[in-house]
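Let me begin by presenting the structure, written as structure tokens, before commenting on it.
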Amino acid sequence: MFGYVLPSLGRVTVEEKVRFQAAYCGLCRTMGHRCGAVSRLFLNYDLTFLAVLLSEGSACETACRRCIAHPFRPRRCVRGDAAFETAADMSVILTWWQLRDGVADHGFWRGLPYRLAALALRRGYRRARARQPDFDEGTRAQLAALSALERENCASLDRPADTFARLLAGAAQGARSPLREQLLYHLGRWIYLVDAADDLKKDVKNGSYNPLVPRFGAQAGELSQEARRELGATLDGLIRRMAAASELEDFGVWRPVIESVVYEGLYAVGAAVLNGTFHTRRGRERNNPLRKAGSKDA
């Protein structure tokens with residue numbers, strides 16, 4: 001995943017912050033238990049959000065555990081239930097295919113770090129694939145379709161974004177929830193477009209495919225003010241669709257965290273990416289009022 005799906009912790013209570021951190025640590029331990037210690041190195045908040053979405057939302061049992069990262073001070077962890085186990089497997093599968101895509105896109109030398117990371121993860125991936133064969137095949141197929149669109153230098157924003165969105169929506173099939181599937185679909189489109197905006201300069205410099213170049217004529221690696229407004233409006237529209245789906249679903253104890261992501265976190269990240277400040281705002285303000293991605297002063 002990409003590291004863009006972040007909660008706005010200023011919107012939630014201390015108890016809810018602790019619960020979300022426990023989910024992060026719990027998913028980390030579950031990934032290690034099911035797919036090996038190496039898989040834990042690829043954990044991020046995007047994957048934790050996936051685990052929370054797949055959860056039934058009931059009160060979660062927690063326990064204090066030490067780990068290599070925190071050997072002296074125990075951390076509270078959610079005890080892995082079926083949803084976290086599924087999310088752990090899917091997280092490893094998504095990471096594996098993202099690495100394989102990096103190998104294909106970067107040639108031999110620049111792709112070497114991806115090759116080494118994939119080699120380290122291979123055993124864990126095989127274990128996850130054996131438990132989630134349908135999700136693995138769907139992920140592989142959608143990424144193959146996405147690669148084909150990239151090779152033809154597809155000028156459409158919709159086609160590649162839709163392909164990646166269907167990949168992510170496949171994670172909700174086991175939950176048997178059309179609303180969760182719809183939320184993940186629109187989140188997948190949002191992630192694809194935000195990632196394209198975030199990587200625009202780098203992709204133009206490296207000669208890599210980026211759908212924003214043919215769509216907005218951004219050959220210099222910069223979006224015009226009008227293009228930023230248009231893309232910002234698209235991102236905000238996707239978030240509103242996520243919000244509509246989330247309002248109709250029962251997320252139980254996880255609702256405040258999910259709302260902090262959907263109603264504030266995604267807007268803040270979208271705004272920072274479009275304004276070119278995302279990578280300098282890892283410690284960005286948590287208590288800012290809600291701002292839209294297309295806002296000039298976000």
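Sequential numbering from 1 along the given sequence is applied to the chain's residues.
Under the 3.5 Å distance criterion, the side-chain polar atoms of N206 are left unmatched by any main-chain donor or acceptor of S208. S147 contributes a side-chain N or O that, together with a main-chain N or O of L143, makes up a donor-acceptor pair within less than 3.5 Å. Looking only at distances, no side-chain donor or acceptor of R76 sits under 3.5 Å from a matching main-chain atom of C64. Proximity of a side-chain donor or acceptor of R123 to a complementary backbone N or O of C35 within less than 3.5 Å is not detected. For R131 (side chain) and D89 (main-chain N/O), no donor-acceptor pair under 3.5 Å exists by modelled atom type. Judged by distance alone, with hydrogens and angles left aside, the side-chain atoms of N275 form no donor-acceptor pair with the main-chain N or O of T277 at under 3.5 Å. The backbone N or O of N210 sits nowhere less than 3.5 Å from a side-chain atom of D203 that would complete a donor-acceptor pair.
Nearest heavy-atom pair, L274 versus A197, reported as atom, atom and distance to 0.1 Å: CD2-CB, 4.2 Å. Between Y263 and S246 the shortest heavy-atom distance is OH-OG, 4.4 Å. The heavy-atom pair separating S39 from V92 by the smallest distance is CB-CG2, 3.8 Å. Closest non-hydrogen pair, V261 versus P7, comes out as CG2-CA, 3.5 Å. A pairwise comparison of heavy atoms in G265 and S8 identifies N-CB, 4.0 Å as the closest pair. Across all non-hydrogen atoms, the minimal contact from A120 to V38 is O-CG1, 3.6 Å.
With sequence neighbours excluded, the residues forming a side-chain contact (heavy atoms from CB on, under 4.5 Å) with E249 are S177, L179, R180, F251, listed by chain and number.
Note on L94 and L41: same hydrophobic cluster, where clusters join Ile, Leu, Val, Met, Phe, Trp and Tyr whose side-chain heavy atoms are under 4.5 Å apart, directly or indirectly. Under the 4.5 Å side-chain heavy-atom criterion for grouping Ile, Leu, Val, Met, Phe, Trp and Tyr, V253 is connected to L183 within one hydrophobic cluster.
In the model, Y192 has no side-chain atom that pairs as donor or acceptor with a side-chain atom of D162 under 3.5 Å. Side chain to side chain, W96 and D136 fail the donor-acceptor criterion of an N or O pair below 3.5 Å. For Q98 and T95, the side-chain atoms include no donor-acceptor pair closer than 3.5 Å.
At least one side-chain heavy atom of Y209 sits under 4.5 Å from a side-chain heavy atom of P160. Between Y125 and L99, every side-chain heavy-atom pair lies at or beyond the 4.5 Å cut-off. Annotation: side chain of L238 is in contact with side chain of L193 (closest heavy-atom distance under 4.5 Å). Here the side chains of K201 and K205 are not in contact, with every heavy-atom distance at 4.5 Å or above. R29 has its side chain within reach of R40: a pair of non-hydrogen atoms, C-beta onward, lies under 4.5 Å apart. At a threshold of 4.5 Å between non-hydrogen side-chain atoms, the residues Q219 and V213 count as touching. The shortest side-chain heavy-atom distance between L167 and W97 does not fall under the 4.5 Å cut-off. In this structure, L212 and L157 have side chains that are in contact, with non-hydrogen atoms separated by less than 4.5 Å.
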inquiry  = Applying side-chain contact (heavy atoms from CB on, under 4.5 Å) to Y185 and L168, what does each step give before you reach the verdict?
reply    = CA-CA 6 Å; Y185 174 83; L168 195 57; over 6 Å; no
Requested in this report: Could you give me the CA-CA distance, side-chain angles and deciding distance for F20 and V12, then say whether side-chain contact (heavy atoms from CB on, under 4.5 Å) is met?
Outcome: CA-CA 10 Å; F20 184 71; V12 297; over 6 Å; no
The test is side-chain contact (heavy atoms from CB on, under 4.5 Å); show your working for F135 and I93 and say whether it passes. CA-CA 8 Å; F135 180 72; I93 290 169; 3.9 Å; yes
*asked:* Does W254 form a side-chain contact (heavy atoms from CB on, under 4.5 Å) with S55? I'd like the steps, not just the answer.
replied: CA-CA 8 Å; W254 298 113; S55 173; 3.2 Å; yes
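Residue-environment remark: CZ (R100) stays at or below the threshold of 12 foreign heavy atoms within 6.0 Å. Heavy-atom contacts from other residues, nucleotides or ligands closer than 6.0 Å to CD of E226 number 12 or fewer.
When the options T234, T163, D158 are evaluated for a side-chain hydrogen bond (donor to acceptor under 3.5 Å, both in side chains) with R189, the one that passes is D158.
Side-chain rings of F278 and Y4 approach one another, their centers coming within less than 6.0 Å.
From L146, atom CG reaches atom CZ of F164 across 8.0 Å, with rounding to the nearest 0.5 Å. Once rounded to the nearest 0.5 Å, the distance linking CG of L50 with CZ of F84 reads 10.0 Å. One distance of note links CG of L187 with CE of M242; it measures 5.0 Å at 0.5 Å rounding. Expressed to the nearest 0.5 Å, how far CG of N44 lies from CG of L27 amounts to 9.5 Å. In this structure, CZ on R240 lies 6.0 Å from CG on D236, to the nearest 0.5 angstrom. Rounding to the nearest 0.5 Å gives a distance of 4.5 Å between CZ of R166 and CD of Q142.
Screening residues 18-28 for side chain to side chain donor-acceptor pair (under 3.5 Å) gives E15-R19 as the qualifying pairs, with residues at least two apart or on separate chains.
A salt bridge links R159 to E152: one of the charged nitrogens lies within less than 4.0 Å of a carboxylate oxygen. Using a 4.0 Å cut-off between charged nitrogen and carboxylate oxygen, R255 and E16 do not count as a salt-bridge pair.
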